[in-house]
Peer 1: 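Below is the structure I would like to discuss, written out as structure tokens.
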Amino acid sequence: MKADLIIPTYKPGDKFRESLQRLSKQSRRPDRIIVINTEEDFFPKDLIGLYDNVEIHHIKKEDFDHGKTRDYGASLSEADILMFMTDDAVSKDRFLIENLLKPFENPEVSAAYGRQIADPKKNYIEYYTRLFNYPRESRLKTKADLPTLGIKTFFCSNACSAYRKKDYDALGGFLHKTIFNEDMIMASKMIEADKAIAYAADAVVWHWHDYKALEQLHRNFDLAVSQTDYGGLFLEVKSESEGVKMVLHTLRHLVSKGKLWLIPKYILDSGCKFIGYKLGRNYQSLPRWLVRKLTMNLTYWES
């Protein structure tokens, strides 16, 4: 199978530099790396030489959209498998690509996503919550899992993901106007079409965020807006229960490890996530000025 890797970038820095260097040493290298960069002036020219098959396509900031930009990258590929990463995700070892592609040996699999880990010394809470959302065991998810897994049935992340191109194309690709969450929207379409989503726990990237409480609110507001706008399975399954389960697990873990000083921050962050999500699910009843204050993506509303 041919497999191309598509990476959207915006002001790429040291993590992207490290990512390219590690990708060049993979046991199974991408056939092409297609970079869709927002704003040419912000792209360091010396990054191109770190990999011998990188091509850069520049777009303007006003043209960026989480779904449309990635779909543009997909349109440039004729590979059997479309892989996606973000510019701040870095492979843990030289087997990332090889392990991300293995699930596609099963013809029922339409998408796969890898495991994300965080450095416990730099952000312990993110380290543990990543363990909750990205366990060490791989699994296959189908429509039959909806009653037990709920929204996690179509959990998927373009920080490290792959899609069978013929299925991706048949389902219309990523939405061309989406505030966020284009990966789970595509995964939900695949689940509805009776396809399988693979979680490849042995395809591992270092990837986490250090969001402040208000940034968590803004992010979860946009997440909920994307789910509300798309509808479909997002309106048929509950997602709040998964969030509550993670909060309780994390609080118990912090207590058991004696990391009590982290609890106030975690409670504040979780509360902001919940408020942002609830506001996002009801954004249509909010005044436009408030929506603009709550979002992380002003251009989505301006366009």
Side-chain angles (χ1 to χ4, degrees), residues 1-9 12 16 18-37 47-59 66-87 89-116 138 140-141 156-176 182-183 185-187 189-191 193-205 207:
M1 295 185 296
K2 285 191 174 181
D4 290 343
L5 175 59
I6 298 153
I7 308 177
T9 60
F16 184 58
E18 178 69 17
S19 179
L20 285 178
Q21 289 173 337
R22 294 195 183 197
L23 286 168
S24 70
K25 300 171 183 175
Q26 288 288 301
S27 61
R28 197 298 191 193
R29 293 167 47 143
D31 291 284
R32 294 160 68 204
I33 294 182
I34 301 170
V35 175
I36 310 299
N37 177 68
L47 289 179
I48 300 173
L50 295 178
Y51 194 93
D52 59 10
N53 204 15
V54 174
E55 53 190 77
I56 316 295
H57 301 265
H58 298 288
I59 62 172
H66 284 278
K68 179 182 177 182
T69 298
R70 287 176 171 86
D71 190 55
Y72 169 50
S75 73
L76 301 174
S77 171
E78 296 181 355
D80 304 290
I81 305 296
L82 302 169
M83 299 180 295
F84 292 87
M85 287 177 66
T86 51
D87 62 9
V90 180
S91 62
K92 179 178 180 290
D93 56 40
R94 58 188 294 266
F95 303 105
L96 171 68
I97 303 301
E98 178 181 332
N99 291 333
L100 187 60
L101 294 177
K102 278 181 183 176
F104 293 97
E105 294 171 5
N106 179 347
E108 300 299 316
V109 170
S110 288
Y113 65 101
R115 181 178 168 215
Q116 299 179 34
S138 298
L140 206 61
K141 300 181 293 184
C156 184
S157 173
N158 276 344
C160 176
S161 65
Y163 304 84
R164 198 182 298 275
K165 191 174 191 298
K166 68 180 182 64
D167 294 338
Y168 174 91
D169 289 340
L171 291 168
F174 294 128
L175 292 184
H176 274 213
E182 78 294 332
D183 36 25
I185 290 173
M186 172 54 69
K189 291 197 287 185
M190 289 175 166
I191 290 293
D194 290 315
K195 304 294 184 180
I197 308 294
Y199 168 54
D202 52 357
V204 188
V205 293
H207 182 252

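The model shown is predicted, which means the values in this text are computed figures rather than measured ones. Start at 1 with the first residue, then count along the sequence. Basis for what follows: all heavy atoms, side chains included, without hydrogens, waters or symmetry-related copies.
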Peer 1: Checking Ser161 now: which residues fulfil side-chain contact (heavy atoms from CB on, under 4.5 Å) with it, not counting sequence neighbours?
Peer 2: Phe84, Tyr113, Cys156, Asn158, Tyr163
Peer 1: What is the minimum heavy-atom distance between Met85 and Leu23, and which atoms define it?
Peer 2: SD-CD2, 4.3 Å
Peer 1: How many angstroms lie between atom CD1 of Ile6 and atom OG1 of Thr69, to the nearest 0.5 angstrom?
Peer 2: 11.5 Å
Peer 1: Looking only at heavy atoms, which two atoms of Val204 and Ala201 are closest? And how far apart?
Peer 2: CG2-O, 3.4 Å
Peer 1: List in chain and number order the residues that pass salt bridge (Lys or Arg N to Asp or Glu O under 4.0 Å) with Asp93, two or more places apart in sequence or in another chain; answer none if no residue qualifies.
Peer 2: none
Peer 1: Just verifying a value: how many Å separate Arg32 CZ and Asn53 CG, rounded to the nearest 0.5 Å?
Peer 2: 7.5 Å
Peer 1: State the SG-NZ distance between Cys160 and Lys92, to the nearest 0.5 angstrom.
Peer 2: 13.0 Å
Peer 1: Just by distance, do the side chain of Gln26 and the backbone of Leu96 share a donor-acceptor pair under 3.5 Å?
Peer 2: yes
Peer 1: Mind listing the closest non-hydrogen atom pair of Asn37 and Pro12 along with its distance?
Peer 2: OD1-CD, 4.0 Å
Peer 1: Do you know which two heavy atoms are closest between Met190 and Ala111, and how far apart they sit?
Peer 2: SD-CB, 3.7 Å
Peer 1: Taking only residues two or more places apart in sequence, or in another chain, which ones meet Ser157 in a side-chain hydrogen bond (donor to acceptor under 3.5 Å, both in side chains)?
Peer 2: Gln116
Peer 1: Check whether any side-chain N or O of Ser19 sits under 3.5 Å from a backbone N or O of Phe16 as a donor-acceptor pair, and report yes or no.
Peer 2: no
Peer 1: Which residues pass the salt bridge (Lys or Arg N to Asp or Glu O under 4.0 Å) test with Asp183, not counting sequence neighbours?
Peer 2: none
Peer 1: Go through the structure and list residues passing salt bridge (Lys or Arg N to Asp or Glu O under 4.0 Å) with Arg115, not counting sequence neighbours.
Peer 2: none
Peer 1: Is the closest side-chain heavy-atom distance between Met186 and Lys189 below 4.5 Å?
Peer 2: yes
Peer 1: Not counting sequence neighbours, which residues clear ring pair (Phe, Tyr, Trp, His ring centres under 6.0 Å) with His207? List them please.
Peer 2: His209
Peer 1: Under the side-chain hydrogen bond (donor to acceptor under 3.5 Å, both in side chains) rule, collect the residues that match up with Ser77, sequence neighbours excluded.
Peer 2: Asp4
Peer 1: Side-chain polar contacts of residues 97-107 - donor-acceptor pairs under 3.5 angstrom, sequence neighbours left out - could you list them?
Peer 2:
from: Glu98; atom 1: OE1; to: Ser27; atom 2: OG; distance (Å): 2.5
from: Asn99; atom 1: OD1; to: Lys102; atom 2: NZ; distance (Å): 3.3
from: Asn99; atom 1: ND2; to: Phe95; atom 2: O; distance (Å): 3.2
from: Asn99; atom 1: ND2; to: Asp202; atom 2: O; distance (Å): 2.9
from: Asn106; atom 1: OD1; to: Glu108; atom 2: N; distance (Å): 2.9

Peer 1: Would you compute the distance between atom CZ of Arg70 and atom CD1 of Ile34 and round it to the nearest 0.5 angstrom?
Peer 2: 14.0 Å
Peer 1: For Ala198 and Leu140, work out which heavy atoms get closest and say how close.
Peer 2: CB-CD1, 3.8 Å
Peer 1: Which residues pass the side-chain hydrogen bond (donor to acceptor under 3.5 Å, both in side chains) test with Arg94, not counting sequence neighbours?
Peer 2: none
Peer 1: Write down the atom of Arg28, the atom of Asp31, and the distance for their closest heavy-atom approach.
Peer 2: NH1-OD2, 3.1 Å
Peer 1: Test of understanding: with side-chain hydrogen bond (donor to acceptor under 3.5 Å, both in side chains), list the residues that count as partners of Arg164, not counting sequence neighbours.
Peer 2: none
Peer 1: Check residues 165-172 and write down every donor-acceptor pair under 3.5 Å in which the side-chain atom is one partner and the other belongs to a residue at least two apart or another chain.
Peer 2:
from: Lys165; atom 1: NZ; to: Asp169; atom 2: OD2; distance (Å): 2.8
from: Asp167; atom 1: OD2; to: Ser110; atom 2: OG; distance (Å): 2.6
from: Tyr168; atom 1: OH; to: Asp71; atom 2: OD1; distance (Å): 2.6
from: Tyr168; atom 1: OH; to: Phe174; atom 2: N; distance (Å): 3.1

